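Source: prediction; values computed, not measured. We use all heavy atoms of the structure for the numbers below, so side chains are in, but hydrogens, waters and symmetry mates are not. We number each residue from 1, following the sequence as shown. Atoms within a ligand are numbered from 1 in the order they appear, just like the ligands themselves.
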Amino acid sequence: MSVCVHVPLGDRAYDIQIGQGLLGKSAQYIRPFLRRSKVVIVTDSIVERLHLSSLEEALDKSGIAHSTLTLPAGENTKSWPFLSQTIDFFLNENVERSDVVIALGGGVIGDLVGFAAAILRRGVRFIQIPTSLLAQVDSSVGGKTGINTQQGKNLVGAFHQPILVLADIDVLNTLTRRNFIAGYGEVVKYGLLGDESFFTWLEKNGPSLAKGDIFARIEAVRISCQMKADIIVRDETEQGERALLNLGHTFCHALEAAAGYSDKLLHGEGVAIGCALAFETSARLGLCSQEDPSRVRAHFRAMGMKTDICDIDGEMPNATELLALMGQDKKVVGGQLNYIMVSGIGQSFMTSDVPTEIVLSVLHDAKNSGARSLPRQR
Ligand code: GLY
C-alpha cells in the first residue's frame, strides 16, 4: 500500500510517495527523472548497513549506475568539512548539472546533501529518501537545507526543493523506540499547530502506531506531509505562516543548546517538551484553556515521552539562562523574540507580546517540578 502527497510548487512541484517496500521499488520512481542512467548516493554509516543494499539492488535491476559516499552518523556531519567532502565527491564523480543526487538517511544527511545539491554547479536536482520518522514528516519536505556552524544550528543553508521524496514506512522498523518516539514529537506538533481532529486521532491511534501498525504509520506520515505541503505552498520561504511549523522550537532550541546537542535530548524530544511549554505559556496568558496543556502532556506521557525540563537527564541551566539561550532563536527580529502561541489545540499564531516574567515562571516550574495539572509518571 502507498499514498502520494503532491507539493504543487509550480516548476518546483514534487511528489512525496509514502508506503511499504518503496526502497525495493525505488528505481521505478527515480528513473523518470534521469537524463542519463547514473546517480550518486550519500548516506551515513548506520543507514548504509541497514538500507543501502536495498536501494542499490533496485538500481542494479533497473540498470542505473550508482556510486555512494558514506559519512559518519551524527549531527557533527552537518558541518563545513563534510559539506566540502560531499561536494568533492560529486565533482570527482563528474556529477553534471542535469544529474540527480540521492540523500539516503535522516535529517542530517537530507539537510547536508540538499545544501550540497543547491550549491553544486549553482543547483542540481536531488531526491530525498528519509529513513527516520522525523525526516519523513518534516526535514525531507519543504526544501530547507543547510549545515550547522560554531555559532549555531542551521545558520548556513538554502531553500532547495527535492524533486521526489520516497518515505518507505518499512525502514521505520529499524529505528530504536527512543528515536521513533522522538520523531513522533514532530507528528504531534502538526495536530497541535493546525488540526485538532488529527491530534484527537493521534490520541486514539498513537499507541498502536508506536507498536508498528502500518496503516496508522502511513496515515500519520501522510497527514503530516499534507499539512506541511499546504503551508509550504502558501509560504515557501518562511515570510509568515511557515514559522508556525516551529511550534515548540524556540524552547526546544534553548534546551538542545543547554544539553550540548548531545544524546541527553534528541531534537524530537525537545520539540515535544517545547510544545508542552508553549501550551503552558499560552494558558498562563489566558490565550487557551487550562485543560489544553494538560491534554497535551497527558498524550505525551501516554506515549512515554518527556514533557518537562526536569525529565531531561543531568543538570540543566536555570530559567534565566534558558531564556538567554532562547534569545539566540532565528525568530528574533530587531532584538524582539517572536513566539508561536496557541488559542487552543490546532490553533497556533505568532506573537511577540509575551511577557518575559511569564516565560520565566513557565521555565522555572518545568525545570523544578514539571506539570502541576496531572500527577507525574516516569
Ligand atoms: N522544520 C520547519 C520547516 O521546514 O519550516
Engineer: Are the side chain of Asp44 and the backbone of Leu71 linked by a donor-acceptor contact shorter than 3.5 Å?
Structural biologist: no
Engineer: Which atoms of ligand 1 are found less than 4.0 Å from any heavy atom of Leu245?
Structural biologist: 2 (C), 3 (C), 5 (O)
Engineer: Say whether Asn246, considering both its backbone and side-chain N or O atoms, lies within less than 3.5 Å of an N or O atom on ligand 1.
Structural biologist: no
Engineer: Please verify whether a non-hydrogen atom of His249 lies at under 4.0 Å from ligand 1.
Structural biologist: no
Engineer: Do any N/O atoms on Lys144 end up under 3.5 angstrom from N/O atoms on ligand 1?
Structural biologist: yes
Engineer: Okay, side chain of Ser282, backbone of Ser343: is any donor-acceptor separation there less than 3.5 Å?
Structural biologist: no
Engineer: In Å and rounded to the nearest 0.5 Å, what is the CZ to OG distance from Phe279 to Ser289?
Structural biologist: 9.5 Å
Engineer: Any ion pair linking Lys228 and Glu186 (charged N to carboxylate O, less than 4.0 Å)?
Structural biologist: no
Engineer: Just by distance, no angles: are the side chains of Thr174 and His51 close enough, under 3.5 Å, to form a donor-acceptor pair?
Structural biologist: yes
Engineer: Considering only the protein, which heavy-atom contact is closest to atom 5 (O) of ligand 1, and what is its distance?
Structural biologist: Arg242 NE, 2.7 Å
